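Some notes on the structure that comes next.
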Amino acid sequence: MALTLIDGNEAIAWGALAAGCRFFAGYPITPATTIYNAMLRLLPPSGGVCLQGEDEIASIGFCLGASMAGFKVMTATSGPGISLYSEQISFAIGSEIPIVIVDVQRLGPSTGSATKGADGDIQFLRWGNSGGLPVIVLAPVDARDCFELTMAAFNLAEAYRCPVFLASNKELSMTRETLDWAALVRPRVLDRRPPATTGPDRPYLPFEPEGDSLVPPFLPIGAGRPVRQTSSTHGADGFITTDPKRIAANQERLRRKLESAVAEFSYYSELPAVAADTLVISYGVSARAARAAVLQEQRAGRAVALLVLKTLWPVPEQLIRERARGCRRVLVVEMNLGQYVREIQRLLPDREITLIGRMDGELIRPAQIREGIAHD
Amino acid sequence: MTSLLNPNRPPAFCPGCAHERVVATLDRALTELGLTATEVVLVSDIGCSGLFDTFFQTHALHGLHGRALTYATGLKLARPELTVIVTMGDGGLGIGGAHVLSTCRRNIDLTLLVLNNFNYGMTGGQCSATTPREAQVESGFLNRLEAPLDICRVAAAAGAGFAARVSGYDPLLSERMQQAIRHDGFALVDIWGICPGRYGKRNPISPGSINAAMDRLPDLTDTLAANARDEYGRAYREEAAKLVAPAPPALIEARFPPPQGGRREILLLGSAGQRIITAGEILCLAAATAGLHATQKNDYPITVMRGHSVSEVVCSDRPIDYTGIERPNLVVALAQEGVARKAGIFRELGPDTVILKARDVSLPDTSGTILELDFKALGIRSQDRALAALGELADRRLVLTRDMLGAALQLRFSGRLLDAALKQLEAGGNSPAVVG
Ligand code: SF4
C-alpha cells in the first residue's frame with residue numbers, strides 16, 4: 001500500500017479533474033480557497049479554464065455560462081458565498097443547468113469564523129433557493145470521499161441536469177490525511193445525454209424529456225442547432241409560458257426527477273449491529289467521531305448501530321427507515337444546533353430521537369456521543 | 001442575407017418603444033456581418049430589453065437581473081468561436097455594475113448593447129443609474145439626489161477599448177453595432193432611446209433632445225485608444241499553453257518499521273513563523289514511510305504572521321476516525337502563544353505523556369513527563385525549533401525514527417532547503433534534551 005498525504009480540498013480538485021471538469025470559477029474565501037488554488041494549477045495546463053470572479057455571483061454565473069456551452073463546471077465557496085450564489089442556484093435548478101457546487105462550511109452565522117468548522121448550512125443548501133425545488137447534496141466524511149463523491153457529484157449533475165452540492169467542512173477540507181490513492185474507486189464518467197429523436201431539421205426542445213426519462217436531453221449553446229436557455233418560467237421550447245397546466249407539469253417533473261431517483265444515489269456507510277436497540281445517524285466530519293464512539297460501544301457489548309449518510313438531499317428515506325427498523329431510539333450527531341435531525345423526526349415520529357449537536361467550531365468528541373448513548 | 005429574427009415571435013414592445021428599432025437594427029447588423037443563427041448567442045438581462053433573445057432565432061440565454069455578462073463570459077471562454085451579444089437595460093447596468101467594470105477590465109470579446117432609456121420600464125418607471133436628476137419618475141424625489149452615470153466614461157476608465165454612445169434613432173446605429181461586434185475585445189454600445197410606456201409620458205424627450213444631451217458629454221477617443229490591448233480569451237490560452245500539468249500527489253511507500261503501534265496523538269504548540277504546520281506535515285509524511293495512517297488538523301489565526309500556531313497530528317496503524325486529540329501521547333511546546341491556546345489540556349496529562357518543551361516556555365501545572373531543550377543555548381533559531389524538536393523525538397524513537405524523518409524531509413523538501421534541513425538535524429543531534 002502506498003499512501004499520499006492530501007487535504008480534502010486537494011482531493012476534491014483531483015476528483016473534479018478525474019470526472020472531466022473543464023471549467024472552474026470561484027471567489028477566494030477561507031476555507032474553500034485552496035480548491036480554487038488547486039484548480040488553477042490543474043485546469044489551464046490541461047486545456048480547461050479556471051477563473052477568479054469579481055464576486056461570488058459572477059463566479060457561479062461564469063460556470064453556468066460555460067455549462068450551457070457544454071463544459072463540466074464546478075465552483076467552491078463557503079456559507080457567505082452560498083448566500084450570494086442563491087439566485088444563480090435557483091436558475092440552475094429551474095433551468096436544469098449541470099453544475100457542482102462545493103460548500104466548505106465554516107462556523108456561522110454570517111461572516112462567522114473563517115477557520116472554524118461547522119455543518120451549519122445543511123438546511124440552507126436544501127432550501128436556499130427561490131421555489132423550493134429539490135437539490136442533491138452529498139456529504140463527504142474524509143479525503144477519500146472528497147475525491148470519490150466529487151466524481152459522483154459530476155456524474156449526478158450530468159445525469160439529472162441539476163446543481164449538485166458537496167457539503168464539506170473546514171475540518172475535512174483543511175485537514176490533511178493519508179489516503180490510499182490506488183484504492184480510490186473511480187466510477188465510470190457520465191456525460192449529459194444529447195437528444196436521440198430530433199434530426200437536424202427538427203427543432204431541439206431544451207426542456208422536453210424523451211421516452212420515460214424525466215430529464216431532458218442536452219445540447220450545448222454553440223451546437224449545430226439553435227439552443228435556448230431561460231431563467232423565466234418556460235415551456236418545453238424554452239419560451240415563456242403562462243399556461244398553469246404546463247407550468248404545473250414542469251414543476252412536478254423537476255421535483256420528481258430527483259426525489260423519485262434518490263435510491264439510485266443513496267450513498268452511505270454503516271456499522272450494523274445484531275438486534276440493535278439504538279441507531280446513531282451522522283454525516284460529514286462528525287461521522288468520524290460517531291464511528292469511533294460506536295466501535296467502542298460495540299466492543300463494550302452494546303447493541304448500537306451506526307448509519308453514516310453521504311447523500312443528505314433528497315432525503316434517502318427508504319434507507320433511513322430500513323436501518324432504523326427495530327431500533328427504539330435514534331441519536332443524530334451533527335455539527336450544528338439541530339438541522340438534519342428534523343428530517344429524522346419527520347421520518348420516524350414514533351422513535352425516541354436525540355440530537356447530539358455542537359456549534360462552537362470544535363469537533364464533536366467521541367466521548368460526547370458515548371455519553372449520549374449511555375444516557376438512556 | 002437571411003434575417004435572424006424569429007418569424008413566429010414579432011417584437012411585443014409598447015408602440016413607439018425604441019427597443020423595437022434596436023431589435024430590427026441588430027438583425028440588420030448581424031446579417032450584414034454574414035453571421036448565421038448558430039454562430040450567434042444573444043445573452044439578455046432583465047426588464048423589457050430582457051425580451052430581446054425571444055425575437056431572434058439564434059442561440060439564446062436569458063438569465064437573472066444584472067448577471068448577463070457573467071454567463072456571457074463563461075460562454076465565450078468555453079466557445080471562443082461564438083459571437084456573443086449581451087443586451088441589458090440601464091437597470092441591469094446598475095444592478096450588475098461590478099460585472100460591467102470587471103468585463104471592461106478583462107477585455108473579453110463580448111459586445112454589450114446597453115438599451116438606455118433612463119428608467120426601469122418593466123417595473124413601472126423607477127429611477128435607474130442613468131436617470132437625469134431633473135426627470136420625473138416613479139421614485140419620487142430620489143433621483144434628484146443622485147448623479148446619473150455616463151457609462152461610456154466609466155467603461156473607458158475601467159479599461160474598455162471600445163465604448164460608444166449612439167442614439168437609437170441614428171441612421172449609423174447598425175454600423176456602430178457592427179464595429180462593436182468586429183472589435184477584438186470587449187465593446188460597449190450605449191444606445192439611448194425613448195420609453196413611451198413609462199418615461200416619455202412625464203418627461204420631454206425626443207431624438208433631438210437625445211442628440212443634444214449626448215453632444216454635451218466628453219469625447220473619449222484618446223482614453224479608449226490607450227486601452228487597446230490583447231483580448232482576454234486569447235491571452236488566457238497563450239498563458240495556459242506555457243504551463244505544465246502538475247503530477248498527481250506523490251505516493252509514499254512503506255519502508256520502515258514504526259517505533260510504536262496503536263494510535264498516537266501529537267500536539268505541536270508554537271507561534272507564527274515557527275513552521276509548526278510544516279513540522280506537522282513532516283510528521284505525517286514520516287508516519288506514511290512506516291505505513292502508518294496520519295491526520296493533521298491545524299489551528300492558527302487568519303493573520304498568519306502573528307499569534308499562535310497549533311498542529312494536531314494523529315498517527316495510527318489503523319485508519320483514523322476521529323481527527324481531534326483527546327489525550328496526547330506527545331506535546332511539543334515551542335512558544336508561549338501555542339501553550340496558551342491549549343492551556344486547558346495540561347492539567348489532564350499523566351506521566352505517560354511526554355512533553356518536549358523549549359526552556360523559555362513555561363507550562364501550566366501538569367503531571368506529564370517533561371523534557372527540556374535550550375534552543376537559545378544551542379544557537380537554534382526560532383524558525384528552526386520545530387525541526388530540531390522532530391530530530392529529538394526521532395532520536396528517542398518517539399512516534400518516528402531517524403530513518404522516517406530523513407525520508408520525510410526528502411519528500412517535503414528538495415535542493416538547498418533539503419540540504420539545510422538535513423544539516424540542521426545533524427547539528428541538533430549532538431545535544432539531547434534533558435529531563436526538566
Ligand atoms: S415599458 Fe418602456 S421599455 Fe418597456 S416596452 Fe414599454 S416603452 Fe418599451
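Order of the sequence lines fixes the chain letters, A, B, ..., with proteins taken first and strands second; residue numbering starts at 1 for each chain. Given the structure is predicted, the values throughout are model-derived calculations rather than measurements.
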Subject >> Shortest non-hydrogen contact between A/Ala69 and B/Arg79, atoms and distance >> reply: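 Closest pair (atom of A/Ala69, atom of B/Arg79, distance): O-NE, 2.9 Å.
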
**OP:** For B/Pro246 and A/Leu42, work out which heavy atoms get closest and say how close.
**Re:**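 Looking at all heavy atoms of both residues, the closest pair is CG-CD2, 3.5 Å.
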
Tell me, for [X] versus chain B, whether the close heavy atoms (under 4.5 Å) come from the side chain, the backbone, both or neither.
| X | value |
| --- | --- |
| A/Leu3 | both |
| A/Ala290 | neither |
| A/Leu295 | side chain |

Is [X] in contact with chain A via its backbone, its side chain, both, or neither, using a 4.5 Å heavy-atom distance?
| X | result |
| --- | --- |
| B/Ala245 | both |
| B/Pro319 | neither |
| B/Leu4 | neither |
| B/Ile252 | both |
| B/Arg105 | neither |
| B/Arg318 | side chain |
| B/Arg106 | side chain |
| B/Asn8 | neither |
| B/Glu312 | neither |

In terms of heavy-atom pairs under 4.5 Å with chain B, which of [options] leads?
| options | result |
| --- | --- |
| A/Ala25, A/Ala223, A/Ser46, A/Ala367 | A/Ala223 |
| A/Glu362, A/Arg365, A/Lys170 | A/Arg365 |
| A/Ala182, A/Gly222, A/Ala114, A/Gly224 | A/Gly222 |

Contact check, side chains of [X] and [Y], non-hydrogen atoms, under 4.5 Å:
| X | Y | value |
| --- | --- | --- |
| A/Ile240 | B/Thr54 | no |
| B/Asn298 | A/Met174 | no |
| A/Ile369 | B/Tyr322 | no |
| B/Glu239 | A/Pro44 | no |
| B/Gln296 | A/Asp7 | no |

Can you tell me how far the [atom1] atom of [X] sits from the [atom2] atom of [Y], to the nearest 0.5 Å?
| X | Y | atom1 | atom2 | answer |
| --- | --- | --- | --- | --- |
| A/Leu64 | B/Leu64 | CG | CG | 8.5 Å |
| A/Cys50 | B/Tyr236 | SG | OH | 5.5 Å |
| B/Thr295 | A/Leu172 | OG1 | CG | 11.5 Å |
| A/Leu5 | B/Ile282 | CG | CD1 | 11.0 Å |
| A/Leu51 | B/Leu77 | CG | CG | 5.5 Å |
| B/Thr58 | A/Arg228 | OG1 | CZ | 8.5 Å |

Below 4.5 Å, heavy-atom pairs only: which of [options] has the largest tally toward chain A?
| options | value |
| --- | --- |
| B/Ala288, B/Gly291, B/Ser102, B/Pro249 | B/Pro249 |
| B/Ala72, B/Ala254, B/Pro248, B/Gly324 | B/Pro248 |
| B/Leu292, B/Leu69, B/Thr38 | B/Thr38 |
| B/Ala37, B/Ala68, B/Gly63 | B/Gly63 |
| B/Arg9, B/Lys242, B/Arg237 | B/Arg9 |

Original post:
Do any of residues 85-96 of chain A come closer than 4.5 Å to chain B, heavy atom to heavy atom, and if so which ones, in number order?
Top reply: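 A/Glu87, A/Gln88, A/Phe91, listed by number.
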
**OP:** Can you check whether anything in residues 26-34 of chain A gets within less than 4.5 Å of chain B, heavy-atom wise, and list it by number?
**Re:**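 Residues A/Thr30 are the ones that qualify, each having a heavy atom under 4.5 Å from chain B.
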
Determine whether a donor-acceptor pair (N or O, by modelled atom type, separation under 3.5 Å) exists between the side chain of [X] and the backbone of [Y].
| X | Y | answer |
| --- | --- | --- |
| A/Thr178 | B/Ala294 | yes |
| A/Arg291 | B/Asp321 | no |
| B/Arg67 | A/Ile57 | no |
| B/Thr70 | A/Ala58 | no |
| B/His59 | A/Val227 | yes |

Subject >> Qualifying residues under salt bridge (Lys or Arg N to Asp or Glu O under 4.0 Å), relative to B/Glu231, sequence neighbours excluded >> reply: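 Result, salt bridge (Lys or Arg N to Asp or Glu O under 4.0 Å) vs B/Glu231: none returned.
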
Original post:
Is there a donor-acceptor contact under 3.5 Å linking the side chains of B/His293 and A/Glu177?
Top reply: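 Short answer, no.
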
Subject >> Positions in residues 40-53 of chain B that reach chain A, provided some heavy atom is under 4.5 Å away >> reply: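 So the qualifying residues are B/Val41, B/Asp53.
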
**OP:** Any chance you could lay out the side-chain contact (heavy atoms from CB on, under 4.5 Å) test for A/Arg176 and B/Ile277, step after step, and finish with the verdict?
**Re:** CA-CA 11 Å; A/Arg176 283 195 186 102; B/Ile277 311 300; 4.1 Å; yes

**OP:** Kindly indicate, with the supporting measurements, whether the criterion side-chain contact (heavy atoms from CB on, under 4.5 Å) is fulfilled by B/Asn6 and A/Phe239.
**Re:** CA-CA 12 Å; B/Asn6 185 338; A/Phe239 285 102; 3.6 Å; yes

